[in-house]
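Only a predicted model underlies this, so the values are computations on that prediction, with no experimental measurement involved. Every chain is numbered from 1 and lettered A, B, ... according to where its sequence line falls, protein lines coming before strand lines.
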Protein chains: 2
Amino acid sequence: MSRLLKQQQALLPAPAHELAEQMAEAGYKVTQPRLAVLRAAVALDKAFTVHELEQWLLERNESPGIASIFRTVKLLCDLELFQRIHGLEDCHRYSISGGHAHHLICVSCGALKSFDNCGLRDLITTLEQQTGYHINDHVLELFGHCPRCLTV
Amino acid sequence: MSRLLKQQQALLPAPAHELAEQMAEAGYKVTQPRLAVLRAAVALDKAFTVHELEQWLLERNESPGIASIFRTVKLLCDLELFQRIHGLEDCHRYSISGGHAHHLICVSCGALKSFDNCGLRDLITTLEQQTGYHINDHVLELFGHCPRCLTV
DNA sequence: GGTAGTGTTGATACAATATCTCAATATATG
DNA sequence: CATATATTGAGATATTGTATCAACACTACC
(Lines give C-alpha, C1' and ligand atoms only; values in the text may rest on other atoms or scores of the structure.)
Protein backbone atom coordinates (compact mmCIF):
# COMPACT_ATOMS: atom_id res chain seq x y z
CA MET A 1 0.00 0.00 0.00
CA SER A 2 1.42 3.36 -0.99
CA ARG A 3 2.13 6.15 1.43
CA LEU A 4 -0.50 8.37 -0.18
CA LEU A 5 -3.27 5.81 0.23
CA LYS A 6 -2.40 5.34 3.89
CA GLN A 7 -2.71 9.08 4.40
CA GLN A 8 -6.11 9.19 2.84
CA GLN A 9 -7.43 6.44 5.01
CA ALA A 10 -6.22 8.40 8.01
CA LEU A 11 -8.29 11.39 6.90
CA LEU A 12 -11.70 10.02 7.76
CA PRO A 13 -13.98 12.63 9.28
CA ALA A 14 -14.12 12.72 13.06
CA PRO A 15 -17.32 11.59 14.80
CA ALA A 16 -19.54 14.21 16.42
CA HIS A 17 -18.49 13.53 19.99
CA GLU A 18 -14.85 14.00 19.06
CA LEU A 19 -15.57 17.35 17.41
CA ALA A 20 -17.60 18.33 20.48
CA GLU A 21 -14.65 17.46 22.66
CA GLN A 22 -12.37 19.73 20.63
CA MET A 23 -14.91 22.54 20.89
CA ALA A 24 -14.96 22.14 24.66
CA GLU A 25 -11.17 22.08 24.78
CA ALA A 26 -11.14 25.37 22.89
CA GLY A 27 -13.30 26.87 25.62
CA TYR A 28 -16.71 26.78 23.94
CA LYS A 29 -19.78 25.24 25.45
CA VAL A 30 -21.16 22.15 23.80
CA THR A 31 -24.82 23.19 23.66
CA GLN A 32 -27.73 21.39 22.08
CA PRO A 33 -27.82 23.65 18.98
CA ARG A 34 -24.09 23.14 18.44
CA LEU A 35 -24.33 19.41 18.93
CA ALA A 36 -27.23 19.29 16.49
CA VAL A 37 -25.10 20.97 13.81
CA LEU A 38 -22.27 18.52 14.46
CA ARG A 39 -24.62 15.54 14.20
CA ALA A 40 -26.09 16.86 10.95
CA ALA A 41 -22.67 17.48 9.42
CA VAL A 42 -21.44 14.00 10.34
CA ALA A 43 -24.65 12.37 9.13
CA LEU A 44 -24.66 14.16 5.77
CA ASP A 45 -21.21 12.70 5.12
CA LYS A 46 -20.36 14.97 2.21
CA ALA A 47 -19.72 18.58 1.29
CA PHE A 48 -22.80 20.30 2.75
CA THR A 49 -24.44 23.70 2.65
CA VAL A 50 -25.90 25.50 5.65
CA HIS A 51 -29.29 24.99 4.03
CA GLU A 52 -28.71 21.23 3.92
CA LEU A 53 -27.79 21.20 7.59
CA GLU A 54 -31.00 23.07 8.37
CA GLN A 55 -33.12 20.71 6.25
CA TRP A 56 -31.61 17.62 7.86
CA LEU A 57 -32.37 19.06 11.29
CA LEU A 58 -35.85 20.30 10.39
CA GLU A 59 -36.79 16.80 9.23
CA ARG A 60 -35.91 15.61 12.72
CA ASN A 61 -37.60 18.51 14.48
CA GLU A 62 -34.41 19.58 16.15
CA SER A 63 -33.33 22.57 14.13
CA PRO A 64 -31.95 25.53 16.03
CA GLY A 65 -32.53 29.00 14.63
CA ILE A 66 -30.82 29.55 11.31
CA ALA A 67 -28.63 32.24 12.87
CA SER A 68 -27.26 29.69 15.30
CA ILE A 69 -26.51 27.26 12.50
CA PHE A 70 -24.56 29.94 10.64
CA ARG A 71 -22.83 30.94 13.88
CA THR A 72 -21.89 27.36 14.66
CA VAL A 73 -20.56 26.74 11.16
CA LYS A 74 -18.49 29.91 11.40
CA LEU A 75 -17.20 28.95 14.83
CA LEU A 76 -16.23 25.50 13.63
CA CYS A 77 -14.47 26.98 10.61
CA ASP A 78 -12.53 29.31 12.91
CA LEU A 79 -11.58 26.30 15.04
CA GLU A 80 -10.53 24.51 11.84
CA LEU A 81 -12.95 21.68 12.54
CA PHE A 82 -14.97 22.64 9.48
CA GLN A 83 -13.56 23.98 6.24
CA ARG A 84 -15.08 26.01 3.42
CA ILE A 85 -15.13 24.18 0.09
CA HIS A 86 -14.22 26.15 -3.00
CA GLY A 87 -16.56 24.76 -5.63
CA LEU A 88 -16.41 25.29 -9.38
CA GLU A 89 -19.50 27.47 -9.38
CA ASP A 90 -19.90 28.76 -5.85
CA CYS A 91 -18.21 28.52 -2.49
CA HIS A 92 -21.13 27.87 -0.18
CA ARG A 93 -20.29 24.35 0.90
CA TYR A 94 -18.42 23.18 3.95
CA SER A 95 -16.89 19.93 5.10
CA ILE A 96 -15.65 18.43 8.31
CA SER A 97 -12.06 19.41 8.10
CA GLY A 98 -9.86 16.93 9.89
CA GLY A 99 -7.38 19.80 9.84
CA HIS A 100 -6.45 19.09 6.23
CA ALA A 101 -6.68 21.39 3.30
CA HIS A 102 -7.65 19.56 0.14
CA HIS A 103 -10.63 17.71 -1.26
CA LEU A 104 -11.69 15.51 -4.09
CA ILE A 105 -15.36 16.18 -4.65
CA CYS A 106 -17.97 14.40 -6.75
CA VAL A 107 -19.81 17.07 -8.75
CA SER A 108 -22.77 14.74 -9.05
CA CYS A 109 -23.49 13.71 -5.44
CA GLY A 110 -21.11 15.83 -3.36
CA ALA A 111 -19.20 12.82 -2.01
CA LEU A 112 -15.90 13.99 -0.66
CA LYS A 113 -12.46 12.55 -0.04
CA SER A 114 -9.81 14.51 1.78
CA PHE A 115 -6.08 14.36 1.34
CA ASP A 116 -3.17 16.45 2.48
CA ASN A 117 -0.27 15.50 0.26
CA CYS A 118 -0.83 18.03 -2.51
CA GLY A 119 2.70 17.88 -3.92
CA LEU A 120 2.81 21.61 -4.58
CA ARG A 121 6.10 22.31 -2.82
CA ASP A 122 8.17 22.27 -6.01
CA LEU A 123 5.71 24.48 -7.89
CA ILE A 124 5.62 26.95 -5.00
CA THR A 125 9.40 27.11 -4.78
CA THR A 126 9.70 27.66 -8.52
CA LEU A 127 7.06 30.37 -8.57
CA GLU A 128 8.63 32.15 -5.59
CA GLN A 129 11.99 32.23 -7.35
CA GLN A 130 10.50 33.47 -10.60
CA THR A 131 8.10 36.06 -9.27
CA GLY A 132 9.66 37.30 -6.03
CA TYR A 133 6.37 36.61 -4.23
CA HIS A 134 6.42 34.95 -0.84
CA ILE A 135 3.76 32.27 -0.98
CA ASN A 136 2.25 31.23 2.32
CA ASP A 137 -1.12 29.71 1.55
CA HIS A 138 -3.07 27.98 -1.18
CA VAL A 139 -6.42 26.57 -2.14
CA LEU A 140 -6.65 23.29 -4.01
CA GLU A 141 -9.84 21.39 -4.80
CA LEU A 142 -10.30 18.58 -7.30
CA PHE A 143 -13.60 17.76 -9.00
CA GLY A 144 -14.89 14.74 -10.81
CA HIS A 145 -17.22 11.79 -10.43
CA CYS A 146 -17.10 9.22 -7.66
CA PRO A 147 -17.16 5.49 -8.51
CA ARG A 148 -20.82 5.22 -7.48
CA CYS A 149 -21.95 8.04 -9.76
CA LEU A 150 -19.82 6.72 -12.63
CA THR A 151 -21.87 3.51 -12.71
CA VAL A 152 -25.30 5.18 -12.56
CA MET B 1 15.24 31.37 -19.07
CA SER B 2 13.23 28.42 -17.86
CA ARG B 3 10.19 27.05 -19.63
CA LEU B 4 7.91 27.98 -16.74
CA LEU B 5 8.96 31.62 -16.74
CA LYS B 6 8.37 31.87 -20.46
CA GLN B 7 4.87 30.57 -19.92
CA GLN B 8 4.14 33.15 -17.30
CA GLN B 9 5.24 35.99 -19.47
CA ALA B 10 2.93 34.69 -22.15
CA LEU B 11 -0.01 34.93 -19.75
CA LEU B 12 -0.37 38.70 -19.74
CA PRO B 13 -4.00 39.79 -19.74
CA ALA B 14 -5.50 40.57 -23.10
CA PRO B 15 -6.29 44.19 -23.96
CA ALA B 16 -9.94 45.28 -24.03
CA HIS B 17 -10.29 45.33 -27.83
CA GLU B 18 -9.03 41.76 -28.04
CA LEU B 19 -11.57 40.59 -25.46
CA ALA B 20 -14.26 42.48 -27.34
CA GLU B 21 -13.27 40.70 -30.52
CA GLN B 22 -13.64 37.32 -28.85
CA MET B 23 -17.04 38.34 -27.54
CA ALA B 24 -18.11 39.25 -31.06
CA GLU B 25 -16.76 35.98 -32.43
CA ALA B 26 -18.86 34.14 -29.87
CA GLY B 27 -21.93 35.87 -31.27
CA TYR B 28 -22.47 38.56 -28.66
CA LYS B 29 -22.82 42.23 -29.40
CA VAL B 30 -20.06 44.51 -28.25
CA THR B 31 -22.19 47.20 -26.68
CA GLN B 32 -21.12 50.28 -24.74
CA PRO B 33 -21.94 48.75 -21.33
CA ARG B 34 -19.97 45.62 -22.16
CA LEU B 35 -17.02 47.60 -23.47
CA ALA B 36 -17.08 49.72 -20.34
CA VAL B 37 -16.79 46.61 -18.17
CA LEU B 38 -13.90 45.35 -20.28
CA ARG B 39 -12.09 48.68 -20.02
CA ALA B 40 -12.57 48.78 -16.26
CA ALA B 41 -11.31 45.22 -15.83
CA VAL B 42 -8.22 45.88 -17.95
CA ALA B 43 -7.52 49.18 -16.19
CA LEU B 44 -7.85 47.75 -12.68
CA ASP B 45 -5.11 45.25 -13.56
CA LYS B 46 -5.71 42.95 -10.60
CA ALA B 47 -8.26 40.60 -9.09
CA PHE B 48 -11.34 42.81 -8.98
CA THR B 49 -14.83 42.71 -7.49
CA VAL B 50 -17.98 43.77 -9.32
CA HIS B 51 -18.19 46.64 -6.86
CA GLU B 52 -14.71 47.80 -7.88
CA LEU B 53 -15.67 47.71 -11.55
CA GLU B 54 -18.72 49.82 -10.73
CA GLN B 55 -16.68 52.32 -8.71
CA TRP B 56 -14.07 52.70 -11.46
CA LEU B 57 -16.83 53.36 -13.98
CA LEU B 58 -18.82 55.69 -11.71
CA GLU B 59 -15.72 57.84 -11.24
CA ARG B 60 -15.67 58.28 -15.01
CA ASN B 61 -19.42 58.77 -15.32
CA GLU B 62 -19.80 55.83 -17.63
CA SER B 63 -21.22 53.15 -15.37
CA PRO B 64 -23.97 50.98 -16.80
CA GLY B 65 -26.62 49.66 -14.42
CA ILE B 66 -25.27 47.30 -11.83
CA ALA B 67 -27.38 44.49 -13.29
CA SER B 68 -25.58 44.89 -16.61
CA ILE B 69 -22.20 44.79 -14.91
CA PHE B 70 -23.13 41.54 -13.19
CA ARG B 71 -24.54 40.19 -16.44
CA THR B 72 -21.43 41.11 -18.36
CA VAL B 73 -19.14 39.57 -15.78
CA LYS B 74 -21.18 36.39 -15.86
CA LEU B 75 -21.17 36.33 -19.65
CA LEU B 76 -17.42 36.81 -19.76
CA CYS B 77 -16.94 34.04 -17.19
CA ASP B 78 -19.07 31.73 -19.33
CA LEU B 79 -16.94 32.66 -22.35
CA GLU B 80 -13.86 31.94 -20.22
CA LEU B 81 -12.57 35.44 -20.80
CA PHE B 82 -13.01 36.20 -17.10
CA GLN B 83 -12.47 33.77 -14.28
CA ARG B 84 -13.71 33.65 -10.71
CA ILE B 85 -10.96 33.90 -8.12
CA HIS B 86 -11.22 31.66 -5.10
CA GLY B 87 -9.90 33.73 -2.23
CA LEU B 88 -9.03 32.54 1.25
CA GLU B 89 -12.00 34.30 2.84
CA ASP B 90 -14.50 34.86 0.04
CA CYS B 91 -14.90 34.15 -3.66
CA HIS B 92 -16.22 37.44 -4.96
CA ARG B 93 -13.27 38.48 -7.10
CA TYR B 94 -12.71 37.94 -10.78
CA SER B 95 -9.79 38.26 -13.15
CA ILE B 96 -9.21 38.45 -16.85
CA SER B 97 -8.68 34.84 -17.62
CA GLY B 98 -6.35 34.42 -20.55
CA GLY B 99 -7.92 30.96 -20.70
CA HIS B 100 -5.72 29.74 -17.87
CA ALA B 101 -6.76 28.36 -14.57
CA HIS B 102 -4.39 29.38 -11.80
CA HIS B 103 -3.34 32.49 -9.95
CA LEU B 104 -0.78 33.77 -7.54
CA ILE B 105 -2.42 36.55 -5.58
CA CYS B 106 -1.00 39.15 -3.21
CA VAL B 107 -3.21 39.16 -0.12
CA SER B 108 -2.10 42.70 0.61
CA CYS B 109 -2.73 44.57 -2.67
CA GLY B 110 -4.55 42.05 -4.87
CA ALA B 111 -1.80 41.95 -7.49
CA LEU B 112 -2.18 38.84 -9.57
CA LYS B 113 0.05 36.60 -11.64
CA SER B 114 -1.39 33.83 -13.76
CA PHE B 115 0.22 30.54 -14.66
CA ASP B 116 -0.97 27.35 -16.23
CA ASN B 117 1.67 24.77 -15.44
CA CYS B 118 0.26 23.54 -12.14
CA GLY B 119 2.10 20.22 -12.12
CA LEU B 120 -0.89 18.36 -10.71
CA ARG B 121 -0.99 15.61 -13.32
CA ASP B 122 0.86 13.07 -11.18
CA LEU B 123 -1.26 13.83 -8.12
CA ILE B 124 -4.43 13.51 -10.16
CA THR B 125 -3.37 10.20 -11.70
CA THR B 126 -2.46 8.82 -8.29
CA LEU B 127 -5.72 9.93 -6.71
CA GLU B 128 -7.76 8.51 -9.57
CA GLN B 129 -6.08 5.14 -9.17
CA GLN B 130 -6.53 5.10 -5.42
CA THR B 131 -10.09 6.39 -5.19
CA GLY B 132 -11.75 5.27 -8.42
CA TYR B 133 -12.91 8.85 -9.03
CA HIS B 134 -12.60 10.34 -12.50
CA ILE B 135 -11.10 13.78 -11.98
CA ASN B 136 -11.85 16.33 -14.69
CA ASP B 137 -11.41 19.74 -13.11
CA HIS B 138 -9.64 21.52 -10.30
CA VAL B 139 -9.25 24.83 -8.55
CA LEU B 140 -5.80 26.02 -7.53
CA GLU B 141 -4.98 29.44 -6.13
CA LEU B 142 -1.79 30.51 -4.35
CA PHE B 143 -1.61 33.37 -1.87
CA GLY B 144 1.23 35.43 -0.51
CA HIS B 145 2.84 38.82 -0.76
CA CYS B 146 4.15 40.42 -3.94
CA PRO B 147 7.66 41.91 -4.04
CA ARG B 148 6.29 45.44 -3.77
CA CYS B 149 4.25 44.71 -0.64
CA LEU B 150 7.17 42.81 0.92
CA THR B 151 9.29 45.97 0.94
CA VAL B 152 6.64 48.28 2.40
C1' DG C 1 -30.00 28.83 47.67
C1' DG C 2 -29.74 33.63 45.59
C1' DT C 3 -27.24 36.82 42.68
C1' DA C 4 -24.03 38.73 39.34
C1' DG C 5 -21.44 37.96 35.29
C1' DT C 6 -20.75 35.65 31.12
C1' DG C 7 -21.89 32.94 27.09
C1' DT C 8 -25.47 31.42 24.04
C1' DT C 9 -29.82 31.56 21.64
C1' DG C 10 -33.49 32.97 18.50
C1' DA C 11 -36.04 36.47 16.10
C1' DT C 12 -35.44 40.03 13.38
C1' DA C 13 -33.15 43.55 10.87
C1' DC C 14 -29.64 44.32 7.90
C1' DA C 15 -25.89 43.70 4.44
C1' DA C 16 -23.56 41.96 0.27
C1' DT C 17 -23.67 39.39 -3.85
C1' DA C 18 -26.24 38.06 -7.50
C1' DT C 19 -30.36 36.94 -10.43
C1' DC C 20 -35.12 37.71 -12.29
C1' DT C 21 -38.78 40.44 -14.48
C1' DC C 22 -40.32 43.34 -17.73
C1' DA C 23 -40.95 47.49 -20.28
C1' DA C 24 -38.00 50.40 -23.03
C1' DT C 25 -34.19 50.74 -26.15
C1' DA C 26 -30.69 49.50 -29.43
C1' DT C 27 -29.06 46.65 -33.08
C1' DA C 28 -29.13 43.59 -37.07
C1' DT C 29 -31.47 41.76 -41.04
C1' DG C 30 -34.45 41.52 -44.85
C1' DC D 1 -37.85 51.30 -43.38
C1' DA D 2 -40.02 47.39 -40.87
C1' DT D 3 -39.51 43.69 -38.22
C1' DA D 4 -37.24 40.50 -35.14
C1' DT D 5 -33.91 39.84 -31.76
C1' DA D 6 -30.61 41.17 -28.28
C1' DT D 7 -29.61 44.12 -24.64
C1' DT D 8 -30.37 47.46 -21.06
C1' DG D 9 -31.85 49.59 -16.69
C1' DA D 10 -34.76 49.86 -12.70
C1' DG D 11 -36.50 47.55 -9.26
C1' DA D 12 -38.03 43.32 -7.07
C1' DT D 13 -36.40 39.16 -5.44
C1' DA D 14 -33.24 35.45 -3.94
C1' DT D 15 -29.33 33.66 -1.38
C1' DT D 16 -25.79 33.74 1.90
C1' DG D 17 -24.38 35.56 5.73
C1' DT D 18 -23.71 39.06 9.89
C1' DA D 19 -25.36 42.45 13.55
C1' DT D 20 -28.45 43.58 17.22
C1' DC D 21 -30.68 42.77 21.30
C1' DA D 22 -33.74 40.92 24.68
C1' DA D 23 -34.37 36.46 26.87
C1' DC D 24 -32.31 32.48 28.70
C1' DA D 25 -28.73 29.35 30.82
C1' DC D 26 -24.89 28.28 33.07
C1' DT D 27 -21.05 29.29 36.49
C1' DA D 28 -18.92 31.19 40.39
C1' DC D 29 -19.21 33.57 44.25
C1' DC D 30 -21.48 35.09 48.45
Nearest whole Å is fine: how far is [N] [atom2] from [X] [atom1]?
X	N	atom1	atom2	result
A:E52	D:dG17	CD	P	12 Å
B:L58	D:dG9	CG	P	12 Å
B:L76	D:dT7	CG	C1'	14 Å
A:H92	C:dT19	NE2	C1'	12 Å
B:Q55	C:dT17	CD	P	11 Å
A:L35	C:dT9	CG	P	10 Å
A:E89	C:dT19	CD	P	10 Å
B:L57	D:dT8	CG	C1'	15 Å

Nearest to the [X] side chain among [options], which nucleotide is it?
X	options	value
B:A67	D:dA19, C:dT8, D:dG11	D:dG11
A:K74	D:dT18, D:dG17, C:dT9	D:dT18
A:K29	D:dT8, C:dT8, D:dA19	C:dT8
B:Y94	D:dT8, D:dG17, C:dA18	C:dA18
B:V50	D:dG9, D:dG17, C:dA18	C:dA18
A:F70	D:dT7, D:dT16, D:dT8	D:dT16

Start at the 5' end of DNA chain C and walk down; is the nucleotide closest to B:T31 or to A:T31 reached first?
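The residue whose closest nucleotide sits nearer the 5' end is A:T31.
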
What pairs of residues pass the salt bridge (Lys or Arg N to Asp or Glu O under 4.0 Å) test when at least one of them lies in residues 83-93 of chain B, not counting sequence neighbours?
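Every salt bridge (Lys or Arg N to Asp or Glu O under 4.0 Å) pair that includes a residue of residues 83-93 of chain B, provided the two are not neighbours, is B:E52-B:R93.
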
Answer with yes or no whether A:R71 presents, from its side chain, a donor or acceptor under 3.5 Å of a partner atom in the base of D:dG17.
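No, no donor-acceptor pair under 3.5 Å.
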
How long is the straight-line distance from OG of B:S63 back to CG of B:L58, given to the nearest 0.5 Å?
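Those atoms lie 4.0 Å apart.
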
For atom OH of B:Y28, is the number of surrounding heavy atoms from other residues, nucleotides or ligands below 6.0 Å larger than 12?
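Atom OH in B:Y28 is not packed in, count stays at 12 or less.
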
Mind checking whether B:F82 and B:F48 have ring centres under 6.0 Å apart?
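Judged by ring-centre distance (under 6.0 Å), B:F82 and B:F48 do meet the cut-off.
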
Indicate whether the side chain of A:H102 and that of A:S114 have a donor and an acceptor atom separated by less than 3.5 Å.
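There is no such pair between these side chains.
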
